[in-house]
Amino acid sequence: MPLERKIKYEKDCDREFADWVTSQTGGENLRHCIQCGVCSAACPLSLYMDYTPRRLINMARAGFKKEVLSSFTIWLCTSCYSCRAECPKQIKVTDIMYLLKRRAIEEGVYPKRFPIPVLAREFGRMIFTFGRVDESLLVANLFLRTNWLRFLDMAGVGLGLMRKGRMSFVPHGIEARGQLRRVLEAIDSEESKEAAK
Amino acid sequence: MSTVKFEPKIVAFFCNWCTYTAADLAGVSRLKYAPNVRVIRVMCSGRVDPQFVVEAFAKGADGVLLGGCHPGDCHYAEGNYKTLRRMKMLERMLKAMGVEDGRFRLEWISGAEGDKVRSVVNEMTEKVRSLGPLDLPGKFREWDKEIEELEARVKASEAEEEKIHA
Amino acid sequence: MPKKDHKTNGLPRVGFYICHCGSNIAGTIDVAAVREYAAGLPGVAVARDYKYMCSDPGQELIASDIEKYGLERIVVSACSPNLHEETFRKAAAKGGLNPFRVQMVNIREHASWVHTDRASATEKAKDLARAAVARVVHHRALERKRVPVDPNVLVVGGGIAGIHAALTLANAGKKVTLVEKEATIGGHMALFDKTFPTLDCAACILTPKMSAVKAHPNIRLWTWSEVEKVEGYVGNYKVTVKRKPRYVNEDLCVGCMECIDACVYKEPKFHDKFNQGLGKRKPVYIDFPQATPKVVLVDPETCLQLKTGKCQKKCASVCDRNAFDFGQKERSEEIQVGSIVLATGFRTYDAKKDKQYGYGRYPGVYTALEVERLVNASGPTSGEIKLRDGREPKAVGIIHCVGSRDEKSNKWCSRVCCMYSLKLAHLIKEHSGAEVYNFYIDMRAPGKAYEEFYDKLLGEGVHFVRGRVAEVTDWAVSPEEEGKLVMRVEDTLAGIVRRIPVDMVVLSTGLEPQADAQEVRRRFNIGCGSEGFFQERHPKLAPVNTFTDGVYIAGACQGPRDIPDTVAQAGAAAAEALALIDAGHVELEPNTSAVAEAECSGCKTCVPLCPYGAVSFDEAKRKAAINEVLCKGCGVCAAACPSGSITQNLFGDDEIFSEIEGVLAK
Amino acid sequence: MRYQYFPGCSLKGSGRAYEESFLAVFRALGVEVRELEDWNCCGATAYMSVDETKSYALAGRNLAIAARDRADVMAPCSACYLVLNKTMRGLGENPELKRKVTGALKAGGLDYREGVKVRHPLDVLVNDIGLDEIRKRVKKPLSGLKLASYYGCQIVRPFATFDDQDDPVTMDRLMQACGAECVDWPLKTHCCGGSLTGTLPDAGLRLAYIILNEAKKRGAAALVTPCPLCQFNLDAYQGQMAGKFGRPNMPVLYFTQLIGLAMGLDADELGIGRGIIPAQAALAGR
């Protein structure tokens, strides 16, 4: 069995990352966490996570950036808000998962060909173009980009939906697409201005 | 002049039992807040005569803060209710004198709320800073001048009249 | 009369002293600059700075300067007057100056500790110095009123705190009235089986003290009674006590309880509050066998006679003392006391509020107080651990911090739950042999022999899982979970989420202020902290005093605490009351108001304003008059007087106007 | 009574039956419901992971359009309901974010104003219209029908003020008013797997199966829900569950469909036939 160093030296901890997390909207109360673990216990997906939400929070405030951003945990969050409802310190765990996901996408460290980040990205693209989301098209795109075989797997579900009139392949967008684009672009330019500062 | 940042002067009347104690607590807790407030201690916010507030503005304060116990919590049973009634009337008067909203503030701060002292003082300092100097003494001088001129005109016209009648 | 030199221009000669307070003040404020500035203010004959003004040499400096420079006023720029005003008044008196000719400037709590910019903090200190010098000129020589202290004491609340305070005072020869709202004294402690960490039986140590209260010639015990109104001031309180009807003459009943057997209800069928609803009682009842006073009472909500007027009254007919009196009415009694000890205790968190734990939904979920009754030999199951359905539990989970350390309910740590949970874990295991799990966030065992008790439990094989339980549910994922209560929790030390099936869940509910804490504190004119517990005068140096002189607090009404701390505090509160009584008198602040008769227009505006009825109207003279003894010095009348004829000592118009002008002058 | 209606993408697609029954019920109640003009996708939960400010702006556009009318907005989809409320709260708490978002909306000629009320039809039915009124309208009571009321996660957490986060009861009371019986069960607000059912089927299917299986164990003949994604997950994947865990064969209906049936509306009008798992047997010819 190959030996691997498990100890963390202080130089391995990224303080800036910890500060960044707590400075984000939603991350404010993070440092107040008392590690009670109620978030993990309430989480319906914690049984599949590599780190429980509680551990992830502690790792984030300790600056274990690499482990946090490449963890499976953040992509398993379904935004059910159970953790947030139970947290005795009112930590916005769901929002913290969002902000970690955004950072992971930005830094490109999410698991390869893993469908969830792709879903998020495709979703965003579709909104930017049409203003609305066509679920069928979204699902089709998703599987084309990640796993062909899954698409075949899902064909049964799709056929069922089609028969019941619940699937449409005609993308219907909003009328004021130009307006929506102007709004979203205004945010881009605002943010690039800020970044320039 | 415009290069120096305007630092407002705020006079605060704090009741001994709640708000003054809260300010002591803020100190003991080493909370940091703006240095613009000068506290005058009274036993009860009910002791604060509206004249005190007017006097403070007249002597050059840019803001006046009055702090007492929460309704129902007055150390003297109901002194703060009396304060509230009196100060509502005062607010109207101040408006008539040209004192803008935000320069006079009444706050209930209990002895346990050191943090509220900090936030109220900071908020009020920012608000008054944004309103700029009040300079009521300057306004008084202007008004005095106007009245003097008016008086002079009245006297002159009276003299004129007398001349005609004579 | 000291000579006036030309330097003060005929103004009274002021001595100005500024304190460094080590680096507490001098670290942020340029003390020398303020001293120099003050030296140039009108009237100031001498200005000095000193490392610690409150030290003996600091005080001596003031006293000797008074003579040396003929000082007539003193200004001390240091800390809060609430801390050291008395110190400097005494120093002035030592130098032969009337103590009320002193004014303090608070540049520590209100400046050096709250500001960081040296220049602006120093500027502020100068402004405040100028104002104090301007105001102190107007200070008149005043005398303190002395009023005698009534040696009788009122103790409110008959839990272990009230019992201990009452006995201490009574043993010192003082007459005590102990008022308790329940029918018996004993409070929460009377519900417990054993006490941590010694595991001695609660009843064995409590009931002798309860009997001692009843038997003490210096204690008047009023149970089933509540304080309605408090008037007066330190040393002289008039208290009205509401005495609820028991429908039984307390002086006649000997507690033989034959009436309970005789009641027309053959079986007990009504909610038994003392046993937390786990047992039943009859309309005529006594809370528990050692209730003190040992007197029965009748519940008007359930008694047939009181509800309908139609009952055979078998209870009354078997009573050979003729103690029953169905016509009893609520009455009020007035008592005079000099001091008051409040020991009104706590209530436990309402477990129904945390729906995720299923209290009230699953019969297997209990509160800790219920379990105290279950394990109690004199409780409803005679000490056997039996569930509501009669089964004996094979596995029990105890959840710590229910209604504690949670911003959704109570933020604070309730201090006793870790220890009582350990105690219950031990007792449950001992009584039933069940597997016991403790679910805790942090184990808090900071008392004498507490950590050792935790160690004992670890050795006993009680399971400890560090994690806050998310849910108690009856949804099963496997056959062994069927029919069980499943606890979902992260074992945080292992980093693994677990599902643990049990038969019984115990919720270790936290301690809260009593439901009527706000009303009670208003009645006694004291304060509450933001969490709702009674506020002490100083968290470290005056923990049993309040902001109202003569009113002391003891026990869990001031914050969660265990029995040893409660008893210690009760002793301290009794000692404070004794110190007041033995001094024989109190000196009142002379900051009262007075009417200048010549200027009073007789408009009567002031009369209804005074909450203490100190302002009256002399019909013959057509002038207002203020009773100096009743006046508490709020100054509301002075502020309202349209003719300016009411003056408050130390807070007169001249004094305050000078201060206003002082802080603003350039 | 008049309301604005924010359908969201699901109600125009896989949740078509929800829209049909929702509109039919409110029409029958005589309540005017008008679809928000040219609404766009709320951003749902996925967009939050891409760009926070933009996702607030997306929802903000809808809120700005809604602010032109004073009527409350009904958002039947749980995700839309949550996102719109979250946006209002987020902008209220964070002035910097609000400045950015309102600025961007201005660039698109939109005026964001506070004070819009976004409500769930459950809230409106129970608190505005009232259970008594519903009871009066019931023509064919659902007597004998045993339901498991399943709220899903996002409707009560974390922003709903009209019901309890751990044990909501609004829909139970509505179903009881329609004559149905609701089983007592602990999974009312447990997660159905959300978008994971599509992306990570092992995780998602398990969660959905647990819910369906528990409802069955408690004796429910059908599941009733106010959430289009829950309905989709619980209904459409039962075939896939069969291979892994077992076949629950449990119809999953929208609460509006059942209210409609009780009020005597036509099953086709309510989209009852659109379920993958047929509901006919459970509804026994209603």
Side-chain angles (χ1 to χ4, degrees), chain B residues 7 9 11 13-18 20-21 23-53 55-56 58-61 64 69 72-79 82-83 86 110-113 115 117-118 121 137, chain C residues 79-83 104 106 108-117 119-121 123-124 127-128 131 135 518 521-522 525-531 535 547-548 589 591 609-612 632-641 644 648 650-651 653 656-657 659-666:
Chain B
E7 282 301 333
K9 253 192 184 179
V11 174
F13 297 95
F14 283 178
C15 86
N16 183 60
W17 304 99
C18 290
Y20 196 90
T21 309
D24 279 0
L25 176 64
V28 174
S29 321
R30 308 296 200 277
L31 305 176
K32 303 293 177 212
Y33 57 81
N36 302 57
V37 164
R38 308 285 180 262
V39 176
I40 294 177
R41 172 169 162 253
V42 287
M43 294 313 284
C44 176
S45 59
R47 172 65 186 98
V48 178
D49 188 324
Q51 276 191 54
F52 294 172
V53 179
E55 176 77 3
K59 285 285 185 315
V64 176
C69 307
D73 281 8
C74 180
H75 187 78
Y76 302 103
E78 48 201 19
K82 284 152 196 159
T83 311
R86 229 178 260 156
S110 84
E113 295 174 319
D115 195 52
V117 170
R118 172 176 67 170
V121 167
Chain C
C79 52
S80 171
N82 287 328
L83 209 66
M104 272 193 87
N106 185 348
R108 194 179 71 172
E109 283 84 345
H110 289 196
S112 69
W113 277 352
V114 289
H115 306 318
T116 41
D117 178 49
S120 51
E123 207 46 46
K124 181 171 179 175
D127 285 355
L128 293 173
R135 130 193 266 283
Q518 293 291 337
R521 77 164 178 87
R522 288 201 177 113
N525 198 22
I526 62 169
C528 274
S530 52
E531 71 303 291
Q535 182 79 40
F547 282 103
T548 297
E589 268 289 300
N591 58 11
L609 287 180
C610 180
Y612 306 105
K632 291 197 179 177
C634 65
V636 166
C637 54
C641 177
Q648 185 189 5
L650 293 171
F651 296 93
D653 284 358
I656 295 177
F657 278 129
E659 208 175 340
I660 296 171
E661 198 175 341
V663 290
L664 293 165
K666 272 287 160 236

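So that the names make sense, note that chain A is the first sequence line, chain B the second, and so on, each numbered from 1.
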Problem set entry | Shortest non-hydrogen contact between C/I660 and B/A56, atoms and distance | CG2-CA, 3.6 Å
Problem set entry | Gap separating the CZ atom of B/F13 from the CD atom of C/E659, nearest 0.5 angstrom | 8.5 Å
For this session: Indicate the atoms forming the closest heavy-atom contact of C/C634 with B/R47, along with that distance.
Result: O-CB, 3.5 Å
Problem set entry | Minimum heavy-atom distance C/G633-B/Y76, with the two atoms named | O-OH, 3.7 Å
Exercise. Is any side-chain heavy atom of C/P81 closer than 4.5 Å to a side-chain heavy atom of B/R41?
Worked result: yes
Problem set entry | Distance in Å, C/E123 CD paired with B/N36 CG, rounded so as to fall on 0.5 Å steps | 11.5 Å
Problem set entry | Toward chain C, the part of B/A58 with a non-hydrogen atom under 4.5 Å | neither
For this session: Ignoring hydrogens and angles, tell me if any N or O in the side chain of B/D24 forms a donor-acceptor pair with the backbone of C/E109 under 3.5 Å.
Result: no
Exercise. If you tally heavy-atom pairs under 4.5 Å against chain C, which of B/G27, B/G111, B/P50 wins?
Worked result: B/G27
Exercise. At a heavy-atom separation under 4.5 Å, does C/A131 approach chain B through its side chain, its backbone, both, or neither?
Worked result: neither
Problem set entry | Side-chain heavy-atom pair C/I656, B/V42 within 4.5 angstrom cut-off | yes
Problem set entry | Pairwise side-chain contact, B/S29 with C/W113, heavy-atom cut-off 4.5 Å (strictly under) | no
Exercise. Do B/E55 and C/D653 have side chains that get closer than 4.5 Å, going by heavy atoms?
Worked result: no
Problem set entry | Nearest-0.5 Å distance, CG of residue C/L664 to CZ of residue B/R38 | 9.0 Å
For this session: Measure the SG-CZ distance between B/C74 and C/R522 for me, rounded to the nearest 0.5 Å.
Result: 11.0 Å
Seminar exercise, completed: Given C/L83, C/T116, C/T548, C/L609, the one with more heavy-atom pairs under 4.5 angstrom with chain B than any other is C/L609
Seminar exercise, completed: Rounded to the nearest 0.5 Å, the CD1 atom of B/I40 sits from the CZ atom of C/F651 at a distance of 11.0 Å
Problem set entry | Residue part contacting chain C, namely of B/V39, when any heavy atom lies under 4.5 Å | both
Exercise. So do B/N16 and C/N82 actually touch side chain to side chain, heavy atoms under 4.5 Å?
Worked result: yes
Problem set entry | Least distance between heavy atoms, B/L31 atom then C/V114 atom | O-CG1, 3.1 Å
Exercise. Less than 4.5 Å apart, any side-chain heavy atom of B/M43 and any of C/E589?
Worked result: no
Seminar exercise, completed: What one should report as the nearest heavy-atom pair of B/A112 and C/Q535 is CB-OE1, 4.2 Å
Exercise. Of the backbone (N, CA, C, O) and the side chain (C-beta and beyond), which part of B/E113 lies under 4.5 Å from a heavy atom of chain C, both, or neither?
Worked result: neither
Exercise. With only heavy atoms counted, which part of C/R521 is less than 4.5 Å from chain B, the side chain, the backbone, both or neither?
Worked result: side chain
For this session: Carefully, step by step, assess B/R86 and C/V636 under the rule side chain to side chain contact (heavy atoms under 4.5 Å, CB included).
Result: CA-CA 11 Å; B/R86 229 178 260 156; C/V636 166; 4.0 Å; yes
Exercise. Does a side-chain heavy-atom distance below 4.5 Å link B/K9 with C/D127?
Worked result: yes
Problem set entry | Check: B/V37 and C/H110 side chains under 4.5 Å, non-hydrogen atoms | no
